Every structure is written in structure tokens, then in C-alpha cells.
Amino acid sequence: MKHFINKHPFLAAVLLSLNLGMILVMANVAMAMGSESFVRNILKGRTPGEIFEMYVSMWAGMIVYGGFIIFPFVLTAAEIILLVKGRKDHDLYRKGRIFDIVGVTLGVFYSLLYLSFFSEVSFGRDWYEQLANRQTHTPIYTEAQITVIMVALVAVVGYLVVNYIPLNEMPPLMLVLGMAAIYMGAVESVVWGIQVFRGKSFDFFLLLLPLNCLLLTARTVSHKMWEWNQLLAKDASRREQYQEGSGVLHACNRFLAKSERWPLAAFLLMWPLLGILIGILLLLGQKPDAVIRAFTETSDWNLSQRVAPQNIYYDEHYLCTVAAGGHESIVKPRRLGVRHGHQVIVNRQLCVANAFEQVLEERTPRFHRAVRHFYDTYGFPVAKLIHSKYTADLIYFLMKPLEWIFLIVLYLTDVNPENRIAIQYTGKSLKDFQ
């Protein structure tokens with residue numbers, strides 16, 4: 001077992017996560033059934049179809065638990081072990097690079113996935129746009145996204161340069177410049193973690209990405225310092241080589257010949273490197289302060305400096321969805337109303353339909369219950385299909401004939417139909433005005 005872990009550490013981490021995931025699945029099933037019925041129901045009385053369905057469900061649970069919950073912690077634990085043991089072990093350090101690449105890649109993917117599902121983040125929608133229900137604005141200002149992406153890409157290039165170009169073929173200045181790029185990416189990951197962590201359930205998963213970035217940065221710098229000292233110890237002429245020559249670059253090489261100076265030098269070089277990157281991004285239309293505005297020109301997040309308009313609530317009542325989601329010139333929203341204690345946008349069509357339903361409820365309660373049941377059965381699924389303004393517009397036009405029928409019924413049965421229509425979604429009834 002130890003030999004397998006030493007030879008294939010990443011594969012061992014994957015298998016460990018999946019096995020722990022399966023243990024969690026079995027534990028949940030056992031708790032749900034009880035220990036005695038668990039053994040009986042698992043081993044006896046199952047048809048082949050039920051056994052296959054249970055088998056598939058357990059494998060799916062293993063992937064969810066192992067891949068999405070346990071594996072991020074296993075990767076982080078591996079990074080900690082590699083930092084402690086891999087700094088002065090070149091073979092272990094080389095094997096650990098796969099943890100860096102997979103950890104950062106999955107960290108970004110899992111973070112976006114988590115924010116999309118648990119915080120309902122609408123990436124690409126800035127603070128000034130009005131959202132609906134529990135939707136949240138993007139944590140990165142869209143006009144500054146290029147800056148954030150470019151900083152991350154420069155950090156990746158710096159990591160590849162430092163880790164995949166042999167140290168004996170690289171001058172110290174290039175090495176430290178690569179470290180400065182890694183620093184820049186680590187700082188960005190920490191700012192990202194501060195931005196999105198809001199103390200909610202499972203938000204600590206969002207902190208694993210910056211933590212892993214800090215761990216790989218510390219391990220990379222410390223290992224390269226050790227490797228450089230080993231190189232100089234084996235080749236004394238190399239140290240003398242860096243003492244020769246004149247000029248600014250040679251002076252930098254002489255200063256950086258001592259690896260103890262690299263962490264501070266990388267930190268100092270990070271700022272002019274960032275300045276050069278900002279200068280290049282200016283040519284692409286980015287503003288000089290885009291690296292700051294990326295996080296502050298937002299709302300709903302820790303570093304946000306803007307206040308977004310209040311979210312509009314609309315539920316599965318699909319005419320509410322139409323009124324709130326269609327083009328204003330077509331669906332003609334009139335005002336804000338109240339439905340189930342939440343604000344909704346209402347238009348004429350919605351008020352007419354609700355007034356018609358009110359009349360049905362007053363005069364034919366049994367028929368109204370049948371209509372209500374039909375609407376609840378088929379209206380809610382239709383509402384979930386309305387994902388664009390054009391779809392909402394189409395529903396609006398399709399409902400027009402029914403709206404006219406509703407109006408005819410209202411005018412034939414109600415003394416003051418327009419009064420009834422006007423008070424819909426105001427929280428008042430006709431009795432309040434009598």
C-alpha cells in the first residue's frame with residue numbers, strides 16, 4: 001500500500017476519495033433502514049431491476065460524495081503534506097505538480113458550480129440590473145473580467161515557467177519573475193475568497209481554492225530555493241559566473257544569486273509586473289483601476305461598493321413571469337404589486353386574469369377549484385420554460401384571446417369591472433372601498 005501511494009500519489013488520492021464517498025453512501029442507507037433491515041434489504045428480496053437501480057444509485061452517490069465533497073479536502077491535505085515533505089525531495093515535488101494543476105482547475109470549476117447552484121449567482125449580470133427572487137449579481141464586474149482573467153493567465157504562465165524549465169537552464173531573474181507572477185495569482189485568489197465567502201452553509205468550500213493557491217506558492221518557492229542551493233553546492237563555478245559582468249541585469253543576477261533573497265525580490269517584482277500587465281490591458285480597453293473595480297463595482301458581496309435595485313419577486317404563476325420577463329413595449333408593465341407577501345410586476349393582462357379568477361371563486365367555487373387545479377398542474381411547468389424576453393412576449397400574445405374572453409365575462413357579471421381589475425395585487429378588496 002505504501003509503495004503504491006509513493007509511486008502513484010494522485011491516483012491514491014482519487015481512490016481514497018471515492019472509497020470514502022462509498023462509505024458515506026452506505027452509512028446513509030444504513031441509517032435510513034436500520035442495521036437489521038439494511039442487511040436484509042440489501043441481500044435478500046431484491047429483483048434484478050431493483051438491484052441494478054440500487055447499484056447505479058450507490059455509484060452516483062459515491063461520485064457526488066467522493067468527487068464533490070471529499071476530494072477537495074483530500075487535495076488540500078495532499079498540498080499540506082507536499083509542503084512539509086516535498087520541499088526538499090525533488091522526486092516527490094515533481095509528482096506533486098499534478099495536485100497543483102488539478103486542485104486549481106477543479107477549485108475554479110467547483111467554486112463557479114457552487115455559486116451557481118447555492119447562491120443563484122447570475123454571472124454576467126452587474127449590480128445595476130434588476131434580478132428576480134433569490135438571484136444574486138455577479139461577484140466580478142463584467143467590464144473588468146478581462147483583467148481578472150489575464151492576471152490568472154499570467155500566474156499560470158509563471159507557474160509553468162518556474163516548474164517546467166530546468167533550473168540550470170534559467171537565469172535567476174527569470175525564475176524570480178515567474179515567482180512574482182505566481183504571487184500575483186495567489187493574491188487574486190485570496191481576494192476572490194474574501195469576496196465570495198459570506199459565512200453561509202458550506203461556504204467554507206469556497207476558501208479551499210485560495211488556500212491551495214497559497215500552499216502551492218509556498219511549496220514552489222521553498223523547493224526552488226532548496227534546489228538552487230543544491231545546484232550551487234554541486235557546481236561552485238556557477239556562483240562565480242553570476243559575480244561576473246557589469247550593467248543592471250548582471251547586478252540583478254548577482255543580487256539574486258542568493259536564494260534567500262528570492263521571496264522578497266518576487267514580492268517587489270510583482271508590482272512592476274502588474275503595472276506592465278495593466279498597461280497592456282489599457283490597449284484592450286480596460287481601465288487602469290480595473291483590477292480594483294473588478295471586485296468593488298459589484299453588489300451583494302463582501303468587497304462590493306454598490307447597492308443594487310431590490311429583486312423583483314415572481315413565482316410559478318406564469319402570467320407573473322410574463323409581466324416581469326417580457327419586453328416593456330409589448331407586455332406593458334404598469335406598477336408593482338404584492339403576491340404572497342412579495343413584490344411582483346403587474347400588467348393589465350395579469351390583473352384581468354386575476355380578477356376573472358376572483359369572480360369564478362365568488363360565484364362558482366366548485367368550477368373555480370377545477371380551474372385552479374388545472375392551472376396549478378400545467379401553468380407552473382410552463383412558467384419554468386420562460387427563460388427569455390421573447391418567450392414571455394410569445395406567451396403574452398397567446399393569452400390575448402383569453403384576456404378578451406375574461407374581460408367580456410367581467411363586464412357581463414360585475415357592476416364595476418374596472419374597479420375590480422384596478423385593485424388586483426394591491427392587498428385590498430372591493431369591500432375596503434364600500
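From a predicted model like this one, the values you see are computed outputs, not experimental measurements.
- Geometrically, R97 does not engage Y159 in a cation-pi contact, judged by NZ or CZ lying under 6.0 Å from the ring centre and within 45° of the ring axis.
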(message) side chain to side chain contact (heavy atoms under 4.5 Å, CB included), that's the test. Do L281 and K287 meet it? Break it down for me.
(response) CA-CA 8 Å; L281 289 171; K287 295 184 178 180; over 6 Å; no
(request) Evaluate the salt bridge (charged side-chain N to carboxylate O under 4.0 Å, His left out) criterion for residues E227 and R87: first the C-alpha distance (whole Å), next the side-chain angles of each, then the deciding distance (0.1 Å), finally the verdict. (result) CA-CA 9 Å; E227 188 180 357; R87 291 180 300 168; over 6 Å; no
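- A pairwise comparison of heavy atoms in S259 and N229 identifies OG-OD1, 3.1 Å as the closest pair.
- No donor-acceptor distance shorter than 3.5 angstrom exists from the side chain of T105 to the backbone of V102, with no hydrogens or angles considered.
- For Y396 and N347, the side-chain atoms include no donor-acceptor pair closer than 3.5 Å.
- Pairing each heavy atom of Y114 with each of S201, the nearest pair is OH-O, 2.7 Å.
- Of the N and O atoms on the side chains of Q424 and N354, at least one donor lies less than 3.5 Å from an acceptor on the other residue.
- Taking the ring centre of W301 as origin, the terminal cationic atom of R198 falls inside the region bounded by 6.0 Å and 45° from the ring axis.
- With Q195 contributing its side chain and P139 its backbone, the two residues share a donor-acceptor pair below 3.5 Å.
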(request) Tell me, with the steps shown, if R348 and K332 meet side chain to side chain contact (heavy atoms under 4.5 Å, CB included). (result) CA-CA 8 Å; R348 168 81 173 176; K332 299 179 177 62; over 6 Å; no
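- Between atom CD1 of residue I80 and atom OG1 of residue T76 there is a gap of 7.0 Å, rounded to the nearest 0.5 Å.
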(request) Go through L398 and L394 one step at a time and tell me if the side chain to side chain contact (heavy atoms under 4.5 Å, CB included) criterion holds. (result) CA-CA 6 Å; L398 292 176; L394 177 61; 4.1 Å; yes
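- In this structure, a donor-acceptor pair under 3.5 Å is absent between the side chains of E120 and Q135.
- Atom-to-atom distance recorded for F71:CZ and Y110:OH is 7.0 Å, nearest 0.5 angstrom.
- Judged purely by atom type and a 3.5 angstrom limit, N302 uses its side chain to pair as donor or acceptor with the backbone of F197.
- Here the closest non-hydrogen pair linking G21 and Y65 is CA-CB, 3.8 Å.
- Taking the centre of each ring, F10 and F99 come in below the 6.0 Å mark.
- Ring geometry for Y93 versus H90: interplanar angle under 30°, hence parallel rather than tilted (30 to 60°).
- Listed for the K88 side chain is no donor-acceptor partner under 3.5 Å among the backbone atoms of H223.
- With contacts defined as side-chain heavy-atom distances shorter than 4.5 Å, the pair I70/S17 qualifies.
- Using cut-offs of 30° and 60° for the angle between ring planes, the F204 and F202 rings count as tilted.
- From M62, atom CE reaches atom CG of N19 across 8.0 Å, with rounding to the nearest 0.5 Å.
- Under a cut-off of 6.0 angstrom, the local environment of CD1 in I292 is sparse, with at most 12 non-hydrogen atoms contributed by other residues, nucleotides or ligands.
- No donor-acceptor distance shorter than 3.5 angstrom exists from the side chain of D414 to the backbone of L410, with no hydrogens or angles considered.
- No more than 12 heavy atoms of other residues, nucleotides or ligands lie within 6.0 Å of CZ in F367, so this atom counts as exposed by the packing criterion.
- For F205 and F73, the distance between ring centers is under 6.0 angstrom.
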(request) List the steps and the verdict of salt bridge (charged side-chain N to carboxylate O under 4.0 Å, His left out) for K95 and D91. (result) CA-CA 6 Å; K95 291 178 180 178; D91 185 57; 3.5 Å; yes
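- Separation of atoms OG1 (T138) and CD (Q145) is listed at 5.5 Å; rounding is to 0.5 Å.
- Side-chain atoms of T136 and D300 include no donor-acceptor pair closer than 3.5 Å.
- The minimum heavy-atom distance linking G193 with P210 is given by the pair CA-CG, 4.1 Å.
- Taking each heavy atom of P72 and L208 in turn, the nearest pair found is CB-CD1, 3.7 Å.
- Rounding to the nearest 0.5 angstrom, the gap separating the NE2 atom in H137 from the OG atom in S119 is 14.0 Å.
- The backbone N or O of T142 sits less than 3.5 Å from a side-chain atom of D126, completing a donor-acceptor pair.
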(request) Please test L215 against D100 for side chain to side chain contact (heavy atoms under 4.5 Å, CB included), starting from the C-alpha separation and ending with a verdict. (result) CA-CA 9 Å; L215 290 171; D100 298 341; over 6 Å; no
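- Although no hydrogens or angles enter the test, the distance criterion places no donor-acceptor pair under 3.5 Å between the side chain of D89 and the main chain of G86.
- The CE atom of M150 sits 12.0 Å away from atom CD1 of I278, with the distance rounded to the nearest 0.5 Å.
- Counting all heavy atoms, side chain and backbone alike, A186 lies closest to S189 at O-OG, 2.6 Å.
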